[in-house]
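Report on one structure; see the data block that follows.
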Amino acid sequence: MVEIVNIVGSGALDVELDLERLADDIGDPVARYNPDNYPGMYLRFGEDEPLVTVYRTVKYILTGADSDDELHSLRERFLAFFANLGVLEEPEDEWFSVQNYVCTGDLEGAQNLNALAIGLGLEKTEYEPEQFPGLIYRPDSRDCVILIFATGRVVVTGARELEIAERAFKQLQNTLSEYL
DNA sequence: TGAGCGGCTCCTTATATATCAGCTTCGG
DNA sequence: CCGAAGCTGATATATAAGGAGCCGCTCA
């Protein structure tokens, strides 16, 4: 089974924003805005809270949530926050969707990554230990990428749905058990 | 020849994973 | 004063976003 460690979601609002003024009104430590460094304004509603990045064009990104509940409560809090500021008429957005689930898993046993690269198929894997210690595996479904480490620890990333990450991990487990 | 435009890359953020180099700090 | 230990930042993965900078191409 995989465990979610990070979810990236994005959405768009139905208003034009003056980030300079907004950042001044909100102030530290909730808002951070350095247009010379990056065009997005960062909002964080407390320590260890996930991050909201807002753009002039009304689009925004949520990063750092480790559950769907946390992601959606952050989104609601962000929309309510802008509604209270008078930026939004109603706490609603034009659209919102999850872009990427990052999950971890454990194969429960040390792995020989050189053998695994051959077993999984050289055309689907990249393993250059001098460049990076993990094996990069791209399943045929091509809807996510799996990083496999010699310890048996695994990272699944790039999935737009949790079910995709779960299915890819299960298929990896099944493939490995066929070789044993 | 130069202006303009399209396409591309990098920057930043979160997050797990592991391995290296290079640096600081600490004890004997 | 030197080795060891600890820490930091690079390596790679995905993904959204806007802006800066770069390159090549077309047209006047």
Salt-bridge test for A:Asp25 and A:Arg21: reply yes if a basic N is under 4.0 Å from a carboxylate O, no otherwise. yes
Only one of A:Ile146, A:Leu147, A:Val154 passes side chain to side chain contact (heavy atoms under 4.5 Å, CB included) with A:Tyr137; say which it is. A:Ile146
With a 4.0 Å cut-off on heavy atoms, is A:Thr151 in touch with a base, just the backbone sugar-phosphate, or nothing at all? sugar-phosphate
Can you measure from OG (A:Ser10) to CZ (A:Arg75) and round to the nearest 0.5 angstrom? 11.5 Å
Passes side-chain hydrogen bond (donor to acceptor under 3.5 Å, both in side chains), A:Tyr101 versus A:Asp68? Steps please. CA-CA 10 Å; A:Tyr101 279 93; A:Asp68 286 311; 2.5 Å; yes
A:Pro39 side chain, from C-beta outward: closest of C:dT15, B:dA14, C:dG18: C:dG18
A:Arg44 side chain N/O closer than 4.0 Å to the phosphate oxygens (OP1, OP2) of B:dA14? yes
Atom CD of A:Glu49 and atom P of B:dA14: how far apart are they, to the nearest Å? 13 Å
Atom pairs, N/O to N/O, protein against nucleotides 7-12 of chain C, distance under 3.5 Å?
from, atom 1, to, atom 2, distance (Å)
C:dA12, OP1, A:Gln131, NE2, 3.1

Side chain of A:Tyr42 (C-beta onward), nearest among B:dT13, C:dT15, C:dA17: B:dT13
Could you tell me the separation between the CG atom of A:Asn100 and the C1' atom of C:dA14, rounded to a whole number of Å? 4 Å
What is the distance from atom CD of A:Glu108 to atom CG of A:Leu176, rounded to the nearest 0.5 Å? 12.0 Å
For A:Ser10, which contact category applies under a 4.0 Å heavy-atom criterion: base, sugar-phosphate, or nothing? sugar-phosphate
Is there a donor and acceptor pair closer than 3.5 Å between the side chain of A:Thr63 and the base of B:dA14? no
Atom CD of A:Gln99 and atom C1' of C:dA14: how far apart are they, to the nearest Å? 11 Å
Report the distance from atom CZ of A:Arg153 to atom CD of A:Gln111, rounding to the nearest 0.5 Å. 12.5 Å
A:Asp36 CG to B:dC11 P, in whole Å, measures 17 Å
Return the nearest nucleotide to the side chain of A:Val102; candidates are C:dA16, B:dT13, B:dT15. B:dT15
Proximity to the side chain of A:Val155 - top-ranked nucleotide from C:dA17, B:dA14, B:dT17: B:dT17
Are A:Phe78 and A:Tyr60 an aromatic pair, judged by ring center distance below 6.0 Å? yes
Send over the distance from A:Ile61 CD1 to B:dT12 P, rounded to a whole Å. 14 Å
Starting at CG of A:Asn34 and ending at P of C:dA17, how long is that distance when rounded to a whole Å? 22 Å
Would you state whether a donor and an acceptor, one from the side chain of A:Tyr38 and one from the base of C:dA17, lie under 3.5 Å apart? yes
Of A:Gly134 and A:Asp48, the one whose nearest nucleotide on DNA chain B sits closer to the 5' end is A:Asp48
Side-chain N or O of A:Thr57 versus OP1/OP2 of C:dG18: is the shortest distance under 4.0 Å? yes
Within the 4.0 Å heavy-atom criterion, would you say A:Thr104 contacts the bases, only the backbone, or no part of the nucleic acid? sugar-phosphate
A:Met1 CE to B:dA16 C1', straight-line distance once rounded to whole Å: 18 Å
Using whole Å, what does the distance between atom P of nucleotide B:dT12 and atom NZ of A:Lys59 come to? 22 Å
Looking for any heavy atom pair under 4.0 Å, which part of the strands does A:Val145 touch: base, sugar-phosphate only, or nothing? sugar-phosphate
Evaluate A:Arg138 against A:Glu126 for salt bridge (charged side-chain N to carboxylate O under 4.0 Å, His left out), listing each step before the verdict. CA-CA 9 Å; A:Arg138 296 170 198 277; A:Glu126 291 170 49; 3.4 Å; yes
